Amino acid sequence: MLDFRTVREASPGAKWRSLFDYHWPAYEQWYLSEGERERPAYLACYNALRRHMPELVDTYRTLCELAGGGDLSARLLSLYRPPAYITGCSQAVLARPSATVLARNYDYPPELCEGTILYSRWNQRRVIAMSDCLWGVLDGMNDAGLTVSLAFGGRKAVGDGFGAPIILRYVLETCDDVPQAAEVLKRVPTHMAYNITVADRSGRYVTAMIAPDRRASIRRVPVATNHQKKIEWYAHALASETLIRERQLSILVDDEDTSEARLISAFASPPLFRHDYGRGLGTIYTAVYRPTEGRVGFRWPGLALELGFDDFPEERITVRYGARGLYTG
């Protein structure tokens with residue numbers, strides 16, 4: 001069972017502090033899972049953030065203060081060289097003359113998902129995003145009509161860089177369009193391999209294949225699953241069915257007759273919708289971003305939540321993930 005909550009708070013305050021207090025015990029355990037010595041010291045975290053994402057430093061300081069000013073929480077909140085983590089995920093952009101849509105399935109263990117859909121205005125830009133690591137982003141959109149989504153890149157490489165959720169937060173806080181986002185994704189180092197799909201309201205899109213051990217590859221590709229160009233981690237590729245899902249999405253996007261409704265419907269069925277919760281690869285939610293309209297939808301079987309920058313009610317939805325891989329609201 002997972003509670004999804006919509007939270008609206010322009011500047012970090014009591015609501016964010018409440019989320020921190022609720023999630024901190026689990027995050028502390030995760031952050032120390034490899035031993036505290038494996039995590040960088042506070043000064044290294046702060047300097048890395050100041051060097052690569054200076055526009056986030058003021059917000060970072062505010063969040064650290066709200067979290068109580070502790071050393072460990074400040075190190076975690078930087079998301080610099082965190083423990084490794086692996087997701088599934090499928091994502092695709094359908095760009096048509098009338099509108100653009102980015103749709104994605106997030107595949108992950110439900111018990112490890114925050115379930116917070118956060119509406120914020122931290123740096124003069126409004127952002128709606130599915131939160132991760134307390135202020136990072138799994139997928140989201142800003143009021144300039146820029147939308148982003150992440151998928152694990154299917155490689156074992158781990159190195160010196162940031163967790164992808166904070167990089168996506170940075171993109172949404174500082175960029176207006178796809179060209180600006182591409183420059184950020186080329187520049188900011190990542191600690192693991194990820195595929196970041198970006199689209200804007202003008203219909204532009206790219207997928208950035210980022211990794212800690214090689215230069216980012218920015219390609220005008222509308223589809224991403226869990227490998228980069230070729231399969232390198234065969235066991236994960238087989239378990240996640242990354243090639244099958246990529247082929248399904250590519251066929252849909254390449255078909256001129258594919259409508260927005262048809263694409264979204266495909267995310268609700270296999271192979272894109274996955275029931276493999278036992279191995280942490282089951283679908284937790286479907287997100288649908290419409291940058292042209294400034295609207296976002298979150299979907300589960302038999303249940304949908306529609307939100308916008310001018311229509312964002314605060315509510316809670318409980319989703320129950322069944323033992324047989326099915327869930328109901």
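Remember, it's a predicted structure, so these values are computed and weren't measured experimentally. Just so it is clear, the values below take in all heavy atoms, side chains as well, and ignore hydrogens, waters and symmetry mates.
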| task | With rounding to the nearest 0.5 Å, note down the distance linking CZ in Arg201 to CG in Leu146. | result | 10.0 Å
| task | May I ask you to decide if Tyr80's main-chain N or O and Ser78's side chain share a donor-acceptor pair within less than 3.5 Å? | result | yes
| said: Please check this pair: side chain of Asn195 against backbone of Ala151, looking for a donor-acceptor N/O pair closer than 3.5 Å. | reply: no
| message | Quick one, Val101 with Val288, criterion side chain to side chain contact (heavy atoms under 4.5 Å, CB included). Give me CA distance, side-chain angles, the key distance, then yes/no. | response | CA-CA 7 Å; Val101 61; Val288 180; 3.5 Å; yes
| query | What class does the angle between the rings of Tyr27 and His23 fall in, given that below 30° is parallel, 30 to 60° is tilted and above 60° is perpendicular? | reply | perpendicular
| query | Please walk me through it: do Thr174 and Glu55 pass side chain to side chain donor-acceptor pair (under 3.5 Å)? | reply | CA-CA 8 Å; Thr174 63; Glu55 296 91 340; 5.6 Å; no
| remark: One should read off an interatomic distance between Tyr60 OH and Trp135 CH2, to the nearest 0.5 angstrom, of 8.0 Å
| query | Where is the tightest heavy-atom contact between Pro165 and Leu79, given as atom of each residue plus distance? | reply | CB-CD1, 4.3 Å
| If you round to the nearest 0.5 Å, how far is SG of Cys89 from CG of Leu272? | 12.0 Å
| request: Before accepting this row, confirm whether a basic side-chain N of the pair Arg169/Glu173 lies closer than 4.0 Å to the acidic partner's carboxylate O. | output: yes
| request: Could you tell me the separation between the OH atom of Tyr106 and the OG1 atom of Thr286, rounded to the nearest 0.5 Å? | output: 13.5 Å
| message | Could you check whether Glu314 pairs with Arg8 (Lys NZ or Arg NE/NH1/NH2 to Asp/Glu carboxylate O, under 4.0 Å)? | response | no
| Whether Thr147 side chain and Pro291 backbone form a donor-acceptor pair below 3.5 Å | no
| query | Hey, are Arg295 and Asp311 close enough for a salt bridge, meaning a charged N less than 4.0 Å from a carboxylate O? | reply | yes
| query | Can the positive tip of Arg5 be found less than 6.0 Å from the middle of the six-membered ring of Tyr22, inside 45° of the ring normal? | reply | yes
| message | Keeping Gln228 on the side-chain end and Tyr194 on the backbone end, is there a donor-acceptor pair under 3.5 Å? | response | yes
| query | Does any N or O in the side chain of Ser33 come within less than 3.5 Å of the main-chain N or O of Trp30, such that one atom is a donor and the other an acceptor? | reply | yes
| Would Phe152 and His236 count as a close aromatic pair, with their ring centres under 6.0 Å? | yes
| request: Enter the distance from Ser90:OG to Phe273:CZ here, rounded to the nearest 0.5 Å. | output: 11.5 Å
| field | Verify same cluster id: Leu249, Ile251 (apolar side-chain graph, 4.5 Å) | value | no
| said: side chain to side chain contact (heavy atoms under 4.5 Å, CB included) for Val93 and Val253? Distances and angles first, verdict last. | reply: CA-CA 8 Å; Val93 176; Val253 171; over 6 Å; no
| message | Is a donor from one side chain sitting under 3.5 angstrom from an acceptor on the other, for Tyr285 and Asp139? | response | yes
| request: Please round to the nearest 0.5 Å and tell me the distance separating atom OG of Ser149 and atom CG of Asn105. | output: 9.5 Å
| field | Exceeds 12 heavy-atom contacts within 6.0 angstrom, atom CZ of Arg96 | value | yes
| Using 4.0 Å as the upper bound for N to carboxylate O, is an ion pair formed by Arg75 and Glu36? | yes
| request: Please lay out, stage by stage, how Arg245 and Asn226 fare under the test side chain to side chain contact (heavy atoms under 4.5 Å, CB included). | output: CA-CA 9 Å; Arg245 289 182 288 117; Asn226 304 126; 2.5 Å; yes
| How are the rings of Tyr85 and His191 set relative to one another: parallel (under 30°), tilted (30 to 60°) or perpendicular (over 60°)? | tilted
